Amino acid sequence: MIQKYDVIVVGAGHAGCEAASAAARMGAKTCLVTMDMNKIAQMSCNPAVGGIAKGQIVREIDALGGMMGIVTDRCAIQFRMLNLSKGPAVWSPRAQCDRQKFIWTWREILENTPNLSIWQDQVCELVTDEGKVVGVKTIWGAELQAQCVVITAGTFLNGLMHMGRQQVEGGRIAEPAAKGLTESITRLGIRSGRMKTGTPVRIDKRTVDFSLAERQDGDDTFHRFSFMSEPRKLMQLPCWMFKTNKEVHDILISGLADSPLYNGQIQSIGPRYCPSIETKLHTFPDKDEHQLFLEPEGETTNEMYLNGFSSSLPMDIQISALRQIPALRNMQVYRPGYAIEYDYFDPTQLYHSLESKVVQGLFFAGQVNGTTGYEEAAGQGLMAGLNAALKCQGKAPLILQRNEAYIGVLIDDLVTKGVDEPYRMFTSRAEYRVLLRQDDADMRLTEKSFRLGLASAERYDYMRQKAEAIDHLIEFADHFSIKAALINPALEQIGTTPLERGCRLTDLIGRPQVTIKNLMPHIAALRSEVEKIKDRQDEIIEAAEIRIKYKGYIEREQQAAEKMLRLENIKIRGRFDYTKIDQITIEARQKLAAINPETLAQASRIPGVSPCDISVLLVLLGR
């Protein structure tokens, strides 16, 4: 059987769903190939979306017209805005989701997306012709032809699970590994490696003594993931906190001889910022306790996820150790934790469009690029699917710069620096994070996506209306003057220093203690302006207030970004034979030749390329 498409997406995890959805909505005839239609967008580990920097990525996906934010809002059973005690540059949304509803919500969206077909099968071979991809073959003998193929296979490529000394082939528990595809790809000259991740025990909440745990409720605010979402509809549930103790640690340490992480069974590198409990004990031997979070897996299920206790120790060790925690004294588990090793491909062999430098029309997204996390995968998937559709249309790809999106930072880090451990996004990785706030992702990205045909007209109109309302409110604050005698009683009530003379409303809002909302009862004209905003009032007030309070920081970062953009505009690919430039270091020659950067700015971010090397290239360019 032969079927013809424009774009084929291999794997229906978070990257694959976004890639297939984006390509199809861009007008490309698309086929999404998955081993199990009942596991589409499966949350293999914690059923949560967002977190530090990850939440910003989801807001960017939504702003571009992706679906993760909408699905998350529909399935959220707890929402929190993290880091509210810090500046808005690091405010990060996070939601606990109903695992099963998340799957079925995504499936409903995909099955009703025009131009998109779903094929349940396993891809085992990539088909190419003279350096160009032409399709894939499956284990059931189907041949699917296409101009572009997007690989989003997650942890399934030659997946091997570990629990103590037990090893079982698989991409996820009770699901088979994907065989043959890695070998088919590496034969073409694409480099692969192995990485490791893990997941913790799942616990029956009926057997937990919650009176011995600390309750953690979510936020009840206007914040959402999607700029287009309605209020959350599912029951909002608490999470719970408690800690390990010395007795727990003693039992865990007794099992380390059988830990695949320490007996040589696992050779690959795991995620640094999501370590297993045995890694925590090894790294922090003097620490007597570690915090754990018990989180619900669904609105009605009894299954709970033990965040902070990822492990590949033998199951009896895991269970015996956890029963030393008072709240878990009588616990029953649904399944123990395990580790998994899988194949990934060197992302420095990709362009910023996520297309392979080796095989034309072949794109990679998600954990196969060496990342970890649903959000990082989904962001890559959206960009790979969008760019695959643009390639089919003969159009230039969409490349997001580091000052435009966390997704741009993520992709630039991958293709420029590569990975030697699973990559996780943090706000600290973004040098322009004041510009990349979660509140203004739509202002940064929606128009770009709308011009390409992905973001809908409805989404674009929403963004324009919001932008106009924010600008109007800021303009009002800039031009409205306040007399000291009239406002000082209110300022004393708010807890800030009285004025010595009159000032603009903008200057007053810039104070840390002052907000638009706590000024409204005291300034009738401000109250009147706010009441004119009929839709998304809280969201608009917050966005305007952030821009007023952090105006100086925002302008400084914009200036710094503009300076760097000058280097981004200097194209250097194909202009040098780096091996013959004696004026730069040997390391720089090797790194530049291997990565072959597109611009001088990208070259400056390659590890091992110094500012002096960049200066030499500028001189050679005659700049």
Side-chain angles (χ1 to χ4, degrees), residues 48-52 54-63 66-98 216-239 299 375 436-446 458-474 476-477 509 512-521 526-550:
V49 170
I52 306 302
K54 294 167 172 281
Q56 283 88 328
I57 290 176
V58 181
R59 294 282 272 178
E60 292 173 354
I61 291 168
D62 184 73
M67 303 306 299
M68 190 179 216
I70 290 174
V71 174
T72 299
D73 287 339
R74 289 182 188 174
C75 302
I77 53 178
Q78 187 192 88
F79 181 94
R80 296 182 68 209
M81 184 66 76
L82 307 181
N83 277 347
L84 282 177
S85 62
K86 302 178 181 178
V90 295
W91 292 359
S92 303
R94 182 187 187 273
Q96 199 74 17
C97 296
D98 185 302
Q216 184 184 61
D217 288 302
D219 299 339
D220 184 18
T221 66
F222 69 91
H223 292 111
R224 307 281 184 271
F225 266 106
S226 175
F227 294 99
M228 306 287 288
S229 279
E230 298 297 322
R232 291 179 286 275
K233 296 180 180 179
L234 299 185
M235 183 191 308
Q236 299 300 289
L237 301 176
C239 295
E299 186 181 24
E375 304 82 3
L436 306 182
R437 307 181 311 276
Q438 60 83 31
D439 65 276
D440 77 334
D442 52 346
M443 301 299 155
R444 292 183 272 119
L445 301 172
T446 296
E458 179 189 12
R459 183 179 290 275
Y460 178 71
D461 290 342
Y462 256 60
M463 184 274 294
R464 289 307 314 154
Q465 292 166 15
K466 175 183 170 183
E468 289 169 6
I470 294 169
D471 290 343
H472 183 78
L473 191 54
I474 293 173
F476 169 81
I509 295 172
Q513 305 90 344
V514 177
T515 68
I516 290 174
K517 284 197 169 184
N518 65 20
L519 285 178
M520 282 171 57
L526 175 60
R527 187 165 62 250
S528 177
E529 286 298 316
V530 170
E531 287 172 353
K532 292 177 184 177
I533 304 170
K534 302 301 182 184
D535 189 24
R536 299 182 294 170
Q537 188 181 95
D538 288 333
E539 182 180 333
I540 289 165
I541 290 172
E542 180 181 85
E545 195 171 283
I546 289 170
R547 282 174 51 184
I548 291 170
K549 287 181 180 292
Y550 295 89

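Being a predicted model, the structure only gives us computed values, none of them experimental. Values reported hereafter were calculated over all heavy atoms of this structure, with side chains retained and with hydrogens, waters and symmetry mates removed.
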*Please assess Arg437 against Tyr550 for the test side chain to side chain contact (heavy atoms under 4.5 Å, CB included), listing each intermediate value before the final yes or no.*
CA-CA 11 Å; Arg437 307 181 311 276; Tyr550 295 89; over 6 Å; no

Report yes or no: does [X] contribute a side-chain atom to a donor-acceptor pair with the main-chain N or O of [Y] at less than 3.5 Å?
| X | Y | value |
| --- | --- | --- |
| Arg59 | Phe225 | yes |
| Lys549 | Val514 | yes |
| Asp73 | Ser229 | no |
| Gln537 | Ile533 | yes |
| Arg94 | Gly50 | no |
| Gln78 | Leu237 | yes |
| Glu299 | Ile77 | no |

*Could you go through the side chain to side chain contact (heavy atoms under 4.5 Å, CB included) check for Ile516 and Ile509 one step at a time?*
CA-CA 7 Å; Ile516 290 174; Ile509 295 172; 3.8 Å; yes

[atom2] on [Y] to [atom1] on [X], rounded to 0.5 Å:
| X | Y | atom1 | atom2 | result |
| --- | --- | --- | --- | --- |
| Glu468 | Ile540 | CD | CD1 | 10.5 Å |
| Ser92 | Ile57 | OG | CD1 | 10.0 Å |
| Gln438 | Asn83 | CD | CG | 11.0 Å |
| Met67 | Ser226 | CE | OG | 8.0 Å |
| Glu60 | Asp440 | CD | CG | 9.0 Å |

Do [X] and [Y] touch side chain to side chain, with heavy atoms closer than 4.5 Å?
| X | Y | answer |
| --- | --- | --- |
| Ile546 | Trp91 | yes |
| Met463 | Phe227 | no |
| Met443 | Lys466 | yes |
| Pro231 | Arg224 | yes |

*Step by step, would you call Lys532 with Glu529 a side chain to side chain contact (heavy atoms under 4.5 Å, CB included)?*
CA-CA 5 Å; Lys532 292 177 184 177; Glu529 286 298 316; 3.0 Å; yes

Could you pull out the closest heavy-atom pair between [X] and [Y], with the gap in Å?
| X | Y | value |
| --- | --- | --- |
| Thr221 | Arg232 | O-NH2, 3.7 Å |
| Pro238 | Asp217 | CB-OD1, 3.5 Å |
| Ala63 | Thr446 | O-OG1, 2.8 Å |
| Leu436 | Gln56 | O-CG, 3.9 Å |
| Thr72 | Ala95 | CG2-CB, 3.7 Å |
| Ile548 | Ala477 | CD1-CB, 4.1 Å |

With the threshold set at 4.0 Å, does a side-chain nitrogen-carboxylate oxygen contact exist between [X] and [Y]?
| X | Y | result |
| --- | --- | --- |
| Arg459 | Asp62 | yes |
| Arg547 | Asp471 | yes |
| Asp538 | Lys517 | yes |

*Quick check: are there more than 12 heavy atoms from other residues, nucleotides or ligands sitting under 6.0 Å from CD of Gln513?*
yes

_Test log, rule side chain to side chain donor-acceptor pair (under 3.5 Å), inputs Glu542 and His223_ = CA-CA 10 Å; Glu542 180 181 85; His223 292 111; 2.8 Å; yes

